[in-house]
K.L.:
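Got a structure for you, questions after.
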There are 2 protein chains.
Amino acid sequence: MPTGTENMTRSALRRRLEALDDKTVARLNEISRPVDLPAGQQIIIEGDPAASIYSVQQGVVSVFKLLPDGRRQITGFLYPGDFLGVTFNLGAVYGYGAEAVTHCSLRAWPRGALERLSEEAPGLRRLFMAEIADELTEAQDRILMLAHRSVEERVATFLLTMARHQAGATGTRIEVVEIPMRWADIADYLGTSAETISRTLSTFRDRHIIHTGKRSEIVVLDWAALEAITGGDRPEEGEIYR
Amino acid sequence: MPTGTENMTRSALRRRLEALDDKTVARLNEISRPVDLPAGQQIIIEGDPAASIYSVQQGVVSVFKLLPDGRRQITGFLYPGDFLGVTFNLGAVYGYGAEAVTHCSLRAWPRGALERLSEEAPGLRRLFMAEIADELTEAQDRILMLAHRSVEERVATFLLTMARHQAGATGTRIEVVEIPMRWADIADYLGTSAETISRTLSTFRDRHIIHTGKRSEIVVLDWAALEAITGGDRPEEGEIYR
DNA sequence: CGGGACGTTGACGCCCGTCAAGACATGTGG
DNA sequence: CCACATGTCTTGACGGGCGTCAACGTCCCG
């Protein structure tokens with residue numbers, strides 16, 4: 001049962017946060033500080049001392065690494081309920097940058113206090129553990145994508161992921177998918193170029209799979225086609241490996 | 001300071017294992033069972049219940065995911081000192097397969113016992129935590145590779161990584177790099193094809209960067225050239241990002 | 001209204017995946 | 001020890017996907 005698990009695990013994480021005992025939740029609220037950011041604002045700079053841990057309340061955040069040649073690889077987008085900055089590498093330094101894609105409200109905890117709290121609260125410890133494990137499986141899913149999928153498959157998968165995110169958030173059926181990020185961001189995420197993103201969406205449009213109205217709003221006309229392009233996330237029943 | 005950290009962290013992990021208190025180490029040895037495997041032997045099957053945790057004593061192990069279309073993506077190679085099976089996803093089911101690349105000796109622990117032991121030994125807990133964190137940064141490094149590096153850069157990086165592994169293991173300077181895995185394995189790891197691996201090595205040979213004698217033995221003639229091809233792992237001092 | 005950021009579309013070329021045919025190596029049985 | 005089969009590496013030929021450069025269209029904001 002490979003790949004395609006990233007959404008399940010993330011929402012599972014969110015549910016688990018709510019399952020913490022009341023006292024811990026109260027303490028969490030006490031020591032946290034709300035942060036509001038305009039779109040485009042830097043949140044974390046790679047290499048800075050890892051002073052804070054954040055959770056996203058509203059908006060979308062991009063997490064990225066900068067490359068020597070000036071490019072950047074977006075390693076993930078964060079949505080409400082996701083955590084930012086949990087990955088503690090040895091030096092207690094952020095291993096990545098992060099910035100607000102849209103206007104964002106975050107909740108910030110001083111790392112020290114949060115770590116102390118997690119010593120007492122095993123539930124919180126497990127939460128962080130799960131967060132890292134989630135990030136790992138997500139990263140591995142992306143490795144599969146980048147290594148073996150065509151750009152078209154990646155874009156289709158991305159659209160479906162965005163759609164599922166909004167369906168999960170609103171709980172309702174979706175036909176208009178909001179794409180808050182710029183094409184260049186998506187490109188940096190999927191390991192391709194902004195032009196190719198544009199071209200791919202254009203062919204989807206020409207094939208009547210989507211309808212593009214206002215930028216940042218994509219209407220999906222043919223879900224089945226999108227999923228077909230995805231290339232079959234999961235193996236069929238009784239399929240033979242190798 | 002992006003990328004290129006994978007080796008440091010791995011060896012740091014090994015050192016930390018030795019830093020466990022004696023009682024824990026004794027218990028660890030008690031409940032472990034040695035396993036010897038011939039090359040090619042399956043160790044873990046994706047989807048099976050995660051019964052054991054292993055550590056590699058000798059040999060090389062490949063960890064992989066199988067794709068619906070029958071291909072496989074090797075997510076990593078494990079060398080002596082590395083752990084296998086620590087990443088337990090929610091269902092306590094292995095999220096990947098593993099097989100012996102060379103003849104291997106492993107040490108196996110029943111998962112339950114090891115988890116119970118880690119409840120008492122915070123050092124062990126931190127060890128596992130670090131193991132997962134390492135895997136995460138390794139996965140993210142690979143994302144950078146796959147997204148933005150040419151095959152030539154990937155192969156050069158791979159060679160250097162192998163060389164560093166052996167230098168680290170023997171402690172001496174190296175000029176002959178042993179490549180125990182098949183080209184197809186390397187290809188599945190780097191997200192390319194066996195033919196392209198062969199071709200790339202051939203051009204390295206023609207450019208007098210390496211010398212190829214017996215298969216599985218590569219003599220590096222020009223380290224500087226290899227590193228140059230790598231594409232500059234780290235940013236230069238004072239370099240400007242974007 | 002002018003300028004800047006972003007998206008779209010075209011043209012071009014090359015990297016690399018794929019198919020196919022040999023070249024070696026290794027092992028097995030006669 | 002040789003003949004043969006099997007697995008692996010090498011090399012060639014071919015073509016398509018997609019990265020890059022460049023020009024243009026569109027939207028927004030001062």
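Letters A, B, ... are given to chains in the order of the sequence lines, protein chains preceding strands, and every chain is numbered from 1.
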K.L.:
Check the phosphate of D/dG17 against A/Thr196, side-chain N and O only, distance under 4.0 Å to OP1 or OP2. Yes or no?
P.N.:
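For D/dG17, neither OP1 nor OP2 has a side-chain N or O of A/Thr196 closer than 4.0 Å.
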K.L.:
Using whole Å, what does the distance between atom C1' of nucleotide C/dG7 and atom CG of A/Asp185 come to?
P.N.:
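Between C1' of C/dG7 and CG of A/Asp185: 13 Å.
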K.L.:
For B/Leu66, is there any backbone N or O sitting under 3.5 Å from a side-chain donor or acceptor partner on B/Gln73?
P.N.:
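Not a single qualifying donor-acceptor pair exists.
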K.L.:
Checking A/Thr200 side chain against A/Glu152 main chain: does a donor-acceptor pair fall under 3.5 Å?
P.N.:
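No, A/Thr200 side chain to A/Glu152 backbone: no donor-acceptor pair under 3.5 Å.
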K.L.:
Round to a whole Å and report the spacing from CZ of A/Arg154 to P of D/dG17.
P.N.:
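These atoms are roughly 14 Å apart.
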K.L.:
For A/Ile197 and D/dT20, give me the distance from atom CD1 to atom P, rounded to whole Å.
P.N.:
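Atom CD1 in A/Ile197 sits about 13 Å away from atom P in D/dT20.
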K.L.:
Expressed as a whole number of angstroms, how long is the span from B/Glu153:CD to D/dG19:C1'?
P.N.:
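Whole-Å distance recorded here is 14 Å.
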K.L.:
Mind listing the N/O atom pairs, protein and nucleotides 12-16 of chain D, below 3.5 Å?
P.N.:
residue : atom : partner  : partner atom : Å
D/dG12  : N7   : B/Arg199 : NH1          : 2.9
D/dG12  : O6   : B/Arg199 : NH2          : 3.0
D/dA13  : N6   : B/Arg199 : NH2          : 3.3

K.L.:
Is B/Arg149 near enough to C/dC15 that one of its side-chain N or O atoms lies under 4.0 angstrom from OP1 or OP2?
P.N.:
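B/Arg149 to C/dC15 OP1/OP2: no side-chain N or O under 4.0 Å.
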K.L.:
In whole angstroms, how far is the C1' atom of D/dC27 from the CD atom of A/Glu217?
P.N.:
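Nearest whole value for this atom pair: 15 Å.
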K.L.:
Whether A/Arg205 contacts C/dT9 is assessed here as follows: a side-chain N or O lying under 4.0 Å from the phosphate OP1 or OP2. Is that the case?
P.N.:
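So the side-chain polar atoms of A/Arg205 do come within 4.0 Å of the phosphate oxygens OP1 or OP2 of C/dT9, strictly under.
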K.L.:
I'd like a table of atom pairs between the protein and nucleotides 5-9 of chain D - only N or O on both sides, under 3.5 Å - with the distance next to each one.
P.N.:
residue : atom : partner  : partner atom : Å
D/dT8   : OP1  : B/Arg182 : NH1          : 2.9
D/dC9   : OP1  : B/Trp183 : N            : 3.2
D/dC9   : OP1  : B/Arg215 : NE           : 2.8
D/dC9   : OP1  : B/Arg215 : NH2          : 3.2
D/dC9   : OP2  : B/Trp183 : N            : 3.3

K.L.:
By nearest atom, which of the nucleotides D/dG19, C/dG17, C/dT9 is closest to the B/Ser193 side chain?
P.N.:
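So the nucleotide nearest the side chain must be C/dG17.
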K.L.:
Just by modelled atom types, is the A/Gly59 backbone N or O under 3.5 Å from a matching donor or acceptor in the A/Thr102 side chain?
P.N.:
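Such a contact is absent between A/Thr102 side chain and A/Gly59 backbone.
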K.L.:
Run the numbers on B/Leu201 and B/Leu159 for side-chain contact (heavy atoms from CB on, under 4.5 Å), then give the verdict.
P.N.:
CA-CA 10 Å; B/Leu201 290 176; B/Leu159 280 182; 4.2 Å; yes
K.L.:
Rounding to a whole Å, what distance do you find between A/Leu146:CG and D/dC18:P?
P.N.:
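Whole-Å distance recorded here is 12 Å.
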K.L.:
Determine, for A/Asp185 against A/Arg72, whether the closest basic-nitrogen to carboxylate-oxygen distance falls under 4.0 angstrom.
P.N.:
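Yes.
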K.L.:
Could you tell me whether a side-chain N or O of A/Glu227 sits under 3.5 Å from a main-chain N or O of A/Ala224, the two making a donor and an acceptor?
P.N.:
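No; zero donor-acceptor contacts below 3.5 Å.
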K.L.:
Using whole Å, what does the distance between atom C1' of nucleotide D/dT10 and atom CD1 of B/Ile186 come to?
P.N.:
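The distance from CD1 of B/Ile186 to C1' of D/dT10 comes to 14 Å, rounded to the nearest Å.
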K.L.:
Check the surroundings of atom CD in A/Gln58: do more than 12 heavy atoms from other residues, nucleotides or ligands lie under 6.0 Å from it?
P.N.:
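Result for CD/A/Gln58: open.
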K.L.:
Tell me if a side-chain donor or acceptor on B/Arg107 pairs with a main-chain N or O of B/Ser32 at a distance below 3.5 Å.
P.N.:
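No; judged by distance alone, with no hydrogens or angles, the pair does not exist.
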K.L.:
From CG of A/Asp188 over to P of C/dC6, roughly how many Å is that when rounded to an integer?
P.N.:
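Result: 12 Å.
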K.L.:
Taking the cut-offs as 6.0 angstrom to the six-membered ring centre and 45 degrees off its axis, would you call B/Arg142 and B/Tyr189 a cation-pi pair?
P.N.:
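Relative to the ring axis of B/Tyr189, which defines the angle, B/Arg142 lies inside both limits.
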